[in-house]
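As structure tokens, the structure follows; a few thoughts come after it.
Below, each value reflects all heavy atoms present in this structure, side chains not excepted, and no hydrogens, waters or symmetry copies. Letters A, B, ... mirror the listed sequences (proteins, then strands); counts begin at 1.
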Amino acid sequence: MLTINNLQKVYNGTTVVNVPALNIAAGESVGLVGNNGAGKTTLFRMILDLIRPSKGEVLSMDANVMQSDDWKVYTGSYLDEGFLIDYLTTEEYFKFIGDLHGLTDGDITERLLPFMDLFNDEILNQRKYIRDYSKGNQKKIGVAAAALSNPELLILDEPFANLDPSSQIRLKNLLKNLRENNGMTMLISSHDLSHVIDVCERIIILEKGQVVQDMRTTENTLRELETYFTV
Amino acid sequence: MILTLLTHQWKSELRSSVFKKSLVLNIILGLLILYFGSIFLFLGFYLDDILLKVFPGQDVVAVFNGGLLYYFLIDLFFRFLLQEMPVLAVQPYLHLPVRKSKLVHYLLLKSIPSFFNLLPFLLIVPFMVSAVVPAHGQSMAVVWLLALVAITLLNNYLLLYFKRQMSTKPLYTLAFGLTIALLMLLDYIGVLQLQVVSKAIFGAMLQQPWLLAVPMLLLVGAYTLNYGFLKGHTYPEELKVHKTAAVTGANIAFLNRFGEIGKLIELELKLIWRHKRTKSIITMSVFFLFYGLIFYNKGTYLDGFGFLIFVGIILSGMPMFNYGQFLPGWQSAHFDGLLTQRISPYQFYRAKYWMVVPVILLAYVLTLPYGFFGYKIILINTATLLYNIGVNVFVIFFFSVYNKDRLDLSKGSAFNWQGVGASKFVMILPAMVLPILIYLPFGLLGVPYAGIAAIGGLGLLGVIFKKQLLQFSANRFLEHKYKLAAGYRQSA
């Protein structure tokens, strides 16, 4: 699904990301963990063609993301509020995203059904603009919009941050369902170790832009991660 | 403490991205300030001679005093339109152990060093030196000056108060505005002679220095009024002028017929409608439609061609220039989102083209009545219309990839330098100077109408090769998009 070859990003002489090789197979769900400044978001931005790599390439389904736009058809993503068109209402925003993917109003309603628990009656029919929602609710809107097109690849940056505990658990179950029922490939970064282990079958630890560990999730993973991050 | 707060304010101004980023812009700004500053200074020193010529035989100071009341009323009006409310600056201090009263004093003092309060004194002080001091003596002149300072600040605080009341008690503000309008009207129909009143008030000030107490007391009163109000309302949600907005602007069903392009246009129209800065650009553009009146009713301009071409470009093109100069910075807040969606750069620019062209056409139609000043105007405006939709649109698209500054759309557009860079000034060359240069050789050869046709013809060429030009713009966009996205991610 995703192949990263010799990818590097250098800012003023500091290497922020340096990934010689990384493969993510279709249907795999990968969790990316690492402390602040490890380069998680920068890596995501290069995968989404938002930052020009200093070196190397990202291939999505064997096509370089910089040269072809095809990946946009099957990739859903939400990194931060910069992805939301914040002067629209939630409905208008979902409609806009749906239209780009050729979804009818009925499709959109249907695709949002699994999100109703997560939305907790605070998202739809609110008669206000997205910019006036709280951070947590904005995140819910962004994640739902990313999953709206039922993408083959879903990329989320810290989806659990800013959410209340109930919402975190609901989102976790939702992501698991999406993976199991739709076979979605996922790339999720998180600071919440237990959630990300629950959702992902493979964990990658990033430190100073480098992949330092790449492992399958087992019952021991949480302990290993905690040992790793205990300084 | 207040001093520390004021130094923070000073730092925030100095370190704002506008000053830091562009050297060229700073130089141009500096030159503009120097230019207007010296004009005012010059005027100030020679004002007595000028007034003597216009009103021979009258006392210069008395004439000047007669105009002061008008000036202060007009000043209030412009402040109402343009003055910004220094409000949210206190937010980071509210949870710290700083007394509320200090924060409020800081908020109120902070409004003093503004353009509105300083500029008039560039004129008044030299006038005082050259006219008031010789006639009335130094100490009287100082009293007079202090009175003017007090009234300027009184205006400052009165306006702050009433503008702040606008969101909660709009009737107060309305009553205030009506009172001023009524004064102006009474003066106009001759019931009340503001000039005489003004002369009497400020003349008395020069005779009876203790009268200075009156404006001083008024100033203290206005300050206390503001202080009392702010003290009771130091909560960000109450201070903020912006409240959670009700949703306005329904879906525009008609645009759905145009597929993806229609969607993108609808998106951008909502953007314009739902933000303060974009809305004020629309208002400004409407004012520019009257720009023609300045030139067309003067015979001297009507004889030539060069000026009329310039005016023609502006009349139909101003809405586009006003809005387009910042493209695609308007969408800076959700630029990453747009880039990851299925929107090709070609469609992106095509949507912008089809949003701008109807506006240009509308401006053209609305300014057609200027044709009464001469059929020549219609000919020239048609040629400039073609030039605007065939060339200038693409000039704007060409420069759009240099707009790397994130824009905060919740601020007004007057005196808003955010996003203004050197490229804006370079853009003027092809947009407004080039058509005149095209015309020039024809004009010199004595075939001016051929020159007009050449301008229109070039525009027509642009329209014919629209597709290629849009593709060219899209390709440039592809090249520069990383830079744009990186710039927009930096908060302004």
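- Proximity to chain A is limited to the side chain of B:Glu260, based on heavy atoms less than 4.5 angstrom apart.
- Within the 3.5 Å criterion, the main-chain N or O of B:Tyr482 finds no donor-acceptor partner in the side chain of A:Arg52.
- Contact annotation for residues 133-158 of chain A against chain B (heavy-atom separation below 4.5 Å): no residues qualify.
- Using a 4.5 Å cut-off between heavy atoms, B:Ala486 does not touch chain A at all.
- Here the straight-line distance linking atom NZ of A:Lys95 with atom NZ of B:Lys263 works out to 4.5 Å at 0.5 Å rounding.
- Annotation for A:Leu100 and B:Arg342: closest pair O-NH1, 3.5 Å, computed over non-hydrogen atoms.
- Partners of A:Asp70 according to the salt bridge (Lys or Arg N to Asp or Glu O under 4.0 Å) rule, which considers only residues two or more places apart in sequence or in another chain, do not exist here.
- Of all heavy-atom pairs between A:Ile85 and B:His334, the closest is CG1-CD2, 3.5 Å.
- Taking CG from B:Asp336 and CD from A:Glu81, the interatomic distance works out to 11.0 Å, rounded to the nearest 0.5 Å.
- Heavy-atom contacts from other residues, nucleotides or ligands closer than 6.0 Å to CG of A:Asp62 number 12 or fewer.
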Would you mind writing out the side-chain donor-acceptor pairs for residues 17-32 of chain A within the sub-3.5 Å range, not counting sequence neighbours?
from    : atom 1 : to       : atom 2 : distance (Å)
A:Asn23 : OD1    : A:Thr3   : OG1    : 3.2
A:Glu28 : OE1    : A:Ala25  : N      : 2.9
A:Glu28 : OE1    : A:Arg202 : NH1    : 3.1
A:Glu28 : OE2    : A:Arg202 : NH1    : 3.4
A:Glu28 : OE2    : A:Arg216 : NH2    : 2.7
A:Ser29 : OG     : A:Arg179 : NH1    : 3.1
A:Ser29 : OG     : A:Val199 : O      : 3.4
A:Ser29 : OG     : A:Glu201 : N      : 3.2

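- Proximity to chain B (any heavy atom under 4.5 Å) is shown, for A:Leu48, by both the backbone and the side chain.
- When A:Asp80, A:Asp69, A:Leu84 are compared by the number of non-hydrogen pairs under 4.5 Å with chain B, A:Leu84 comes out ahead.
- Applying the 6.0 Å contact sphere to NZ of A:Lys208 captures no more than 12 heavy atoms from other residues, nucleotides or ligands.
- Looking at B:Leu267, both its backbone and its side chain come within 4.5 Å of chain A, counting heavy atoms on both sides.
- Between B:Thr340 and A:Lys72, the shortest heavy-atom distance links the atoms O-CG, 3.8 Å.
- For B:Ile343, the parts sitting under 4.5 Å from any heavy atom of chain A are the backbone and the side chain alike.
- In this structure, A:Asn181 places its CG atom where more than 12 heavy-atom neighbours from other residues, nucleotides or ligands lie under 6.0 Å away.
- Contact annotation for A:Leu79: neither backbone nor side-chain heavy atoms come within less than 4.5 Å of a heavy atom of chain B.
- Around atom NZ of A:Lys55, no more than 12 heavy atoms belonging to other residues, nucleotides or ligands sit under 6.0 Å away.
- Applying the ring-ring contact (aromatic ring centres under 6.0 Å, His included) test to every pair with at least one member in residues 45-85 of chain A, sequence neighbours left out, gives no pairs at all.
- The minimum heavy-atom distance linking A:Tyr87 with B:Arg274 is given by the pair O-NH1, 2.8 Å.
- Counting heavy-atom pairs closer than 4.5 Å to chain A, the top-ranked of the candidates B:Lys483, B:Gln331, B:His275 is B:His275.
- For the atom pair B:Gln341 CD and A:Asp99 CG, the distance stands at 11.0 Å (nearest 0.5 Å).
- For a residue to count as touching a neighbouring chain, one of its non-hydrogen atoms must lie under 4.5 Å from one of that chain's; by this rule A:Thr89 touches chain B with backbone and side chain alike.
- Using a 4.5 Å cut-off between heavy atoms, A:Asp49 contacts chain B through both its backbone and its side chain.
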